[in-house]
S.K.: 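The structure is given below, and queries will be raised subsequently.
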Amino acid sequence: WLWEGRLPRRATVAFAGDMSLGKSTVAFDIIARGSVGAKWLDGQPNTFGSFESVLLSAEDDPNTIIIPRIIAAGGDPSKVYFPDTIKVGEGENQTDREIRLDLDIQYVKELLIEHPAIKLVVIDPLSNYCGAKNINLEQEIRQVTMPLARLAQEYDLVIICIFHHNKKQGVSPMEKVIGAGGNIGACRMGWTFLSDPENPEQRLMLQIKENLGKYDGLAYTTESVPILVSDAEGMQKTQGHARIKYLGKSISSAHVIIAQSEDPQVKLDAKPFELLSQICGVGMPKTPACEIYESLAAMGFDCSKPSAVMA
């Protein structure tokens, strides 16, 4: 383990959730603590010691957001690499383009070889670095996630892949992860980030993939810390930047919280379509109409109504 019960070494780990719930800020906290060998957020000792990290972040600017937040968390930003672009072409035709993980795994390997102290890679979000691969297509996204998993094993890394949630209702926490199942399928551990329904100011980091065992979640909030930064003109000023404040362990269930937050009527309306996709989808054997009606009736739908029959 890099962080006992949270981040397994030689593995990819999923961080998933809606926007503004602290996925990235928790990742910055991990980077910061690793950069100076500090204890982890929950007080566990950092037995690995100080290490370097790579951060691919298309959504936050390093100078105005990320570095100040790493400093706010007590970290050393000189231990963090931000390789968002790569040079392509030669001579006068050489240009910069954004890193594409469907093409540039070799570039990442070269960075790891050049800096062997790197033990953590954060990709925020993964969907911004898939290049021509469609995150909604299983076979395509696995051409990105499986090489990442092999990279983690070969170079003794933790690779955190950050995902947003989709809008599906009535599905498991793992199925809430945006895109095809291969997004989280290649990860050895998965965490979802949710609002605490009992305390709107509190956030929860809860386990959703248990390949390596079941572990308690974390409760946290964010607090603002004044950090001295330079503006676009080079003038220094003090700005408030968020850092994570640990509130304790959590034994809450991600499945229960997600289910409680959903609209019951939306889930009910979706059930006939979910059933039909399961029994009448592409490649499925033909099913007698009477059996479909019986299944819908068993779910509580009045099949004499046109809406139910049409569904």
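Just so it is clear, the structure is predicted and the values come from calculations on it, not from any experiment.
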S.K.: Is there a side-chain hydrogen bond (donor to acceptor under 3.5 Å, both in side chains) between Thr192 and His165 once you walk through the steps?
M.R.: CA-CA 9 Å; Thr192 192; His165 271 170; 3.2 Å; yes
S.K.: With a 4.5 Å limit on heavy-atom distance, are the side chains of Ile184 and Met174 in contact?
M.R.: yes
S.K.: Honestly curious: do Leu151 and Leu55 fall in one hydrophobic cluster under the side-chain, below-4.5 Å linking rule?
M.R.: no
S.K.: To the nearest 0.5 Å, what is the distance between CD (Gln106) and CD1 (Ile113)?
M.R.: 7.0 Å
S.K.: Measure the shortest side-chain to side-chain distance between Val13 and Pro8 over non-hydrogen atoms and say whether it is less than 4.5 angstrom.
M.R.: yes
S.K.: Do Arg6 and Glu4 come close enough that some side-chain heavy atom pair is under 4.5 Å?
M.R.: no
S.K.: Charged N to carboxylate O under 4.0 angstrom, Arg150 versus Glu154?
M.R.: no
S.K.: For His164, I'd like to know if atom NE2 has over 12 heavy atoms of other residues, nucleotides or ligands within 6.0 Å.
M.R.: yes
S.K.: Which is it for Lys79 and Ser50 under the side-chain hydrogen bond (donor to acceptor under 3.5 Å, both in side chains) test, yes or no, and what are the steps along the way?
M.R.: CA-CA 9 Å; Lys79 300 286 187 68; Ser50 176; 3.2 Å; yes
S.K.: Do Val144 and Ile135 land in one hydrophobic cluster if side-chain heavy atoms of ILVMFWY residues count as linked below 4.5 Å?
M.R.: yes
S.K.: From Ile141 CD1 over to Ser127 OG, what is the distance, rounded to the nearest 0.5 angstrom?
M.R.: 8.5 Å
S.K.: To the nearest 0.5 Å, tell me how far Asn183 CG sits from Cys130 SG.
M.R.: 7.0 Å
S.K.: Salt bridge check: are Glu175 and Lys168 linked by an N-O gap of less than 4.0 Å?
M.R.: no
S.K.: I'd like to know whether Tyr215 forms a ring-ring contact (aromatic ring centres under 6.0 Å, His included) with Trp3, so could you lay out the CA-CA distance, the side-chain angles of the two residues, the decisive distance to 0.1 Å, and finally the verdict.
M.R.: CA-CA 12 Å; Tyr215 297 91; Trp3 179 5; over 10 Å; no
S.K.: What is the minimum heavy-atom distance between Ser250 and Ala219, and which atoms define it?
M.R.: CB-N, 4.3 Å
S.K.: Would you check if Met189 and Leu7 make a side-chain contact, meaning some heavy-atom pair closer than 4.5 Å?
M.R.: no
S.K.: Check for me, please, whether Val26 and Ile208 land in the same ILVMFWY cluster - side-chain distances under 4.5 Å, paths through other members count.
M.R.: no
S.K.: Would you mind reporting whether Val80 and Val54 have side-chain heavy atoms less than 4.5 Å apart?
M.R.: no
S.K.: Which heavy atom of Ala11 sits nearest to which heavy atom of Ala152, and what is that distance?
M.R.: N-CB, 3.5 Å
S.K.: Below 4.0 angstrom, N of the basic side chain to O of the carboxylate: do Asp29 and Lys245 qualify?
M.R.: no
S.K.: Within the structure provided, determine whether Leu2 and Trp40 are in side-chain contact (heavy-atom separation under 4.5 Å).
M.R.: yes
S.K.: Answer yes or no: are there more than 12 heavy-atom neighbours, outside Gln94 itself, under 6.0 Å from its atom CD?
M.R.: yes
S.K.: How long is the span from the OG atom in Ser252 to the CG atom in Leu204, to the nearest 0.5 Å?
M.R.: 5.0 Å
S.K.: Give a yes or no answer on whether the side chain of Tyr129 reaches the backbone of Ser57 with a donor-acceptor pair at less than 3.5 Å.
M.R.: yes
S.K.: Is Glu140 reaching over with its side chain to a backbone N or O of Asn136, donor-acceptor style, under 3.5 angstrom?
M.R.: no
S.K.: Under the side-chain hydrogen bond (donor to acceptor under 3.5 Å, both in side chains) rule, what do Arg188 and Thr12 come out as? Steps first, then yes or no, please.
M.R.: CA-CA 6 Å; Arg188 295 292 290 163; Thr12 51; over 6 Å; no
S.K.: Keeping the roles fixed (side chain from Glu52, backbone from His115), state whether a donor-acceptor pair exists under 3.5 Å.
M.R.: no
S.K.: Counting only heavy atoms from other residues, nucleotides and ligands, does the tally under 6.0 Å from CD of Glu98 exceed 12?
M.R.: no
S.K.: Is there a path of hydrophobic side-chain contacts, each under 4.5 Å between heavy atoms, that joins Leu120 and Val108?
M.R.: no
S.K.: Would you compute the distance between atom CD1 of Ile227 and atom CZ of Arg69 and round it to the nearest 0.5 angstrom?
M.R.: 11.5 Å
S.K.: From Glu90 CD over to Lys87 NZ, what is the distance, rounded to the nearest 0.5 angstrom?
M.R.: 13.5 Å
S.K.: Determine, step by step, whether Ile70 and Ile66 satisfy the side-chain contact (heavy atoms from CB on, under 4.5 Å) criterion, reporting the C-alpha distance in whole Å, the side-chain angles of both residues, the deciding distance to 0.1 Å, and the verdict.
M.R.: CA-CA 6 Å; Ile70 290 172; Ile66 299 171; 3.8 Å; yes
S.K.: Checking Arg243 against Thr222: is there a side-chain donor and acceptor pair closer than 3.5 Å?
M.R.: no
S.K.: Quick one: which of Val121, Leu126, Val122 gives a side chain to side chain contact (heavy atoms under 4.5 Å, CB included) with Ile159?
M.R.: Val121
S.K.: Quick one: does Thr25's side chain have a donor or acceptor within less than 3.5 Å of a partner on Gly22's backbone?
M.R.: no
S.K.: Do Arg97 and Thr85 have side chains that approach each other closer than 4.5 Å (heavy atoms only, starting at C-beta)?
M.R.: no
S.K.: Apply side-chain hydrogen bond (donor to acceptor under 3.5 Å, both in side chains) to residues Tyr220 and Gln202 and explain how you reach the verdict.
M.R.: CA-CA 6 Å; Tyr220 63 93; Gln202 185 167 288; over 6 Å; no
S.K.: Can you check whether Phe15 and Phe193 have ring centres sitting under 6.0 Å from each other?
M.R.: yes
S.K.: With a 4.5 Å heavy-atom cut-off, do Ile99 and Leu56 have their side chains touching?
M.R.: yes
S.K.: Same cluster or not: are Leu41 and Val36 linked, directly or through other Ile, Leu, Val, Met, Phe, Trp or Tyr residues, by side-chain heavy atoms under 4.5 angstrom apart?
M.R.: no
S.K.: Tell me if a side-chain donor or acceptor on Lys23 pairs with a main-chain N or O of Gly17 at a distance below 3.5 Å.
M.R.: yes
S.K.: Hey, is CD on Glu201 packed in by over 12 heavy atoms from elsewhere, all under 6.0 Å?
M.R.: no
S.K.: Would you indicate whether Glu210, at its atom CD, is surrounded by more than 12 heavy atoms from other residues, nucleotides or ligands within a distance under 6.0 Å?
M.R.: yes
S.K.: Does Asp124 use its side chain to pair, donor to acceptor, with the backbone of Ser24 at less than 3.5 Å?
M.R.: no
S.K.: Step by step, work out the side-chain contact (heavy atoms from CB on, under 4.5 Å) result for Gln44 and Lys39.
M.R.: CA-CA 6 Å; Gln44 289 193 62; Lys39 291 181 180 180; over 6 Å; no
S.K.: Do you know the tightest heavy-atom contact between Gly213 and Gln207?
M.R.: O-NE2, 2.7 Å
S.K.: Does this structure show an ion pair linking Lys133 with Asp102, if we count only N-O contacts that are shorter than 4.0 Å?
M.R.: no
S.K.: Tell me, with the steps shown, if Leu148 and Ile123 meet side-chain contact (heavy atoms from CB on, under 4.5 Å).
M.R.: CA-CA 11 Å; Leu148 286 175; Ile123 308 170; 3.8 Å; yes
S.K.: Could you walk me through whether Lys109 and Asp104 pass the salt bridge (charged side-chain N to carboxylate O under 4.0 Å, His left out) check?
M.R.: CA-CA 9 Å; Lys109 286 184 178 182; Asp104 300 327; over 6 Å; no
S.K.: Side chain of Tyr107, backbone of Arg100: donor and acceptor closer than 3.5 Å?
M.R.: no
S.K.: Is a donor on one side and an acceptor on the other found under 3.5 Å between the side chain of Lys119 and the backbone of Ser53?
M.R.: no
S.K.: One pair to check against side-chain contact (heavy atoms from CB on, under 4.5 Å): Leu194 and Arg203. What are the steps and the verdict?
M.R.: CA-CA 6 Å; Leu194 303 166; Arg203 303 289 183 256; over 6 Å; no
S.K.: How about Leu228: does its CG atom have over 12 heavy atoms from other parts shown lying under 6.0 Å from it?
M.R.: yes
